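The structure displayed is predicted, hence computed values, not measured ones. Below, chain A is the first sequence line, B the second, and so on; all start at residue 1.
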There are 2 protein chains.
Amino acid sequence: MDKKDKIIEAALKLFVENGFHGTATSKIAQEAGVANGTLFQYFKTKDELVMALYVSVKENMAEYIEKNTAKSDNVKEVMKSQFLSSLFWALDNVVKFKFIQQFHTSPYIGKVEQDVIQNQVMPHLSLIQNGIDKGLIKNLPVDFVFSLISSQTFGVYQYLTSKPFTKVQQHDTIEQTFDLLWDMIT
Amino acid sequence: MDKKDKIIEAALKLFVENGFHGTATSKIAQEAGVANGTLFQYFKTKDELVMALYVSVKENMAEYIEKNTAKSDNVKEVMKSQFLSSLFWALDNVVKFKFIQQFHTSPYIGKVEQDVIQNQVMPHLSLIQNGIDKGLIKNLPVDFVFSLISSQTFGVYQYLTSKPFTKVQQHDTIEQTFDLLWDMIT
DNA sequence: TACCTTTGCGACTGATTAGTCAATTATAAA
DNA sequence: TTTATAATTGACTAATCAGTCGCAAAGGTA
């Protein structure tokens with residue numbers, strides 16, 4: 001594993017543990033096992049490191065979901081597979097998911113370019129629009145429906161990480177939530 | 001307005017603008033128009049200030065919701081009034097609400113004592129349990145239902161602050177969301 | 001007036017910060 | 001082996017940080 005990845009990994013761990021503040025670049029370098037100066041060879045500033053970390057984590061998540069999305073034109077099936085895989089990824093990558101949450105509610109989020117966000121959300125909005133056009137999903141604003149689904153995902157995650165559950169319980173709860181969600185929007 | 005309130009107000013503004021990191025105590029004192037040392041007369045440490053700010057904002061929100069909660073034994077009515085007033089408060093106090101979100105996803109949340117959180121959540125859990133006992137709400141784990149409602153609140157907030165809406169549109173969307181939510185859990 | 005207490009002040013400090021840079025080491029090509 | 005290039009180092013710096021402290025002002029009481 002090369003130094004850049006080691007730095008990213010160390011930063012992720014420390015940011016979630018101590019916040020963006022409270023994490024000195026020197027501590028990141030130390031945790032990564034590289035010299036202070038090496039960090040700045042890969043990332044010009046601390047902010048650049050934070051942004052790069054966000055992009056890296058988001059790509060990682062998107063890749064997983066993409067791979068596990070049902071290849072079908074059945075809207076419900078596609079949506080369910082996305083809902084499930086989002087949650088599976090989150091539960092398997094708690095630290096990364098915490099970082100995303102932390103980043104989203106921090107002032108850094110304002111520095112992410114609008115079209116990058118747009119590109120990530122677009123496929124989901126299209127899928128919802130598709131469902132509405134087919135008369136499956138209620139005729140509500142697409143991004144309103146998207147907000148509901150996103151927050152629902154977040155809600156189940158919160159619940160499932162608040163107590164110790166078995167894999168089976170987690171799976172069942174996720175399936176059950178999707179059914180509730182689907183009933184709500186159709 | 002006394003110095004303590006001015007400090008809290010300044011801290012709130014700067015924390016949301018620049019994060020907990022990136023906000024120096026000296027900057028807070030400056031923004032509040034008090035001397036550096038005065039800040040430490042009211043709050044022994046920066047952490048104590050952050051915690052006090054959280055408690056203050058939470059109390060402010062709880063007070064508002066309490067005042068606007070329907071005095072009735074009709075579960076739906078009570079729940080609806082709480083859902084609405086939560087969102088009205090959030091939309092009227094965007095900065096404070098952002099601070100709460102930032103705090104909740106930061107490592108600071110771990111420093112809030114468990115029984116304080118418990119006390120805040122308890123009344124809501126009782127209400128849900130009440131609804132389940134009466135056979136109104138589906139027989140699901142209480143805190144699961146609570147998670148769903150909380151995240152739904154958050155979702156509508158996200159949607160309503162992402163675009164410019166009129167007061168009427170906001171009100172309608174909130175009412176509509178509650179109906180969807182109620183259908184989902186009953 | 002005199003006396004006491006509370007409140008506020010801001011210059012100060014030791015520690016820590018993000019970021020630099022000249023020197024060193026590894027890599028690879030000739 | 002020699003030479004050129006790239007990667008890595010850690011001591012260093014100027015700036016900034018949270019927090020301190022001795023002193024002054026304000027306010028209350030008699």
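- A donor-acceptor contact shorter than 3.5 Å is absent between the side chain of E63(B) and the backbone of N60(B).
- D172(B) has no carboxylate O lying under 4.0 Å from a charged side-chain N of K167(B), or vice versa, which leaves the two without a salt bridge.
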Under 4.0 Å protein heavy-atom contacts per nucleotide of nucleotides 17-24 of chain D, with B for base, S for backbone only and - for none: SBBB----
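- Here F43(A) lies out of heavy-atom contact (under 4.0 Å) with every strand.
- Under the 3.5 Å distance criterion, with hydrogens and angles disregarded, a donor-acceptor pair is assigned to the side chains of D47(B) and Y108(B).
- Without hydrogens or angle criteria, N93(A) side chain to W89(A) main chain gives a donor-acceptor distance under 3.5 Å.
- With hydrogens and angles ignored, the 3.5 Å screen pairs no side-chain donor or acceptor of Q82(A) with any backbone N or O of I65(A).
- Cluster membership check: L160(A) shares its hydrophobic cluster with V94(A), using side-chain heavy-atom separations under 4.5 Å among Ile, Leu, Val, Met, Phe, Trp and Tyr.
- Note that the first and last nucleotides of DNA chain C, 5' to 3', having any atom under 4.0 angstrom from a heavy atom of chain A are dT17(C) to dT20(C).
- Ring planes of Y54(B) and F99(B): tilted class, angle from 30 to 60°.
- In summary, E31(B) and K6(B) do not engage in a salt bridge, as defined by a charged side-chain N under 4.0 Å from a carboxylate O.
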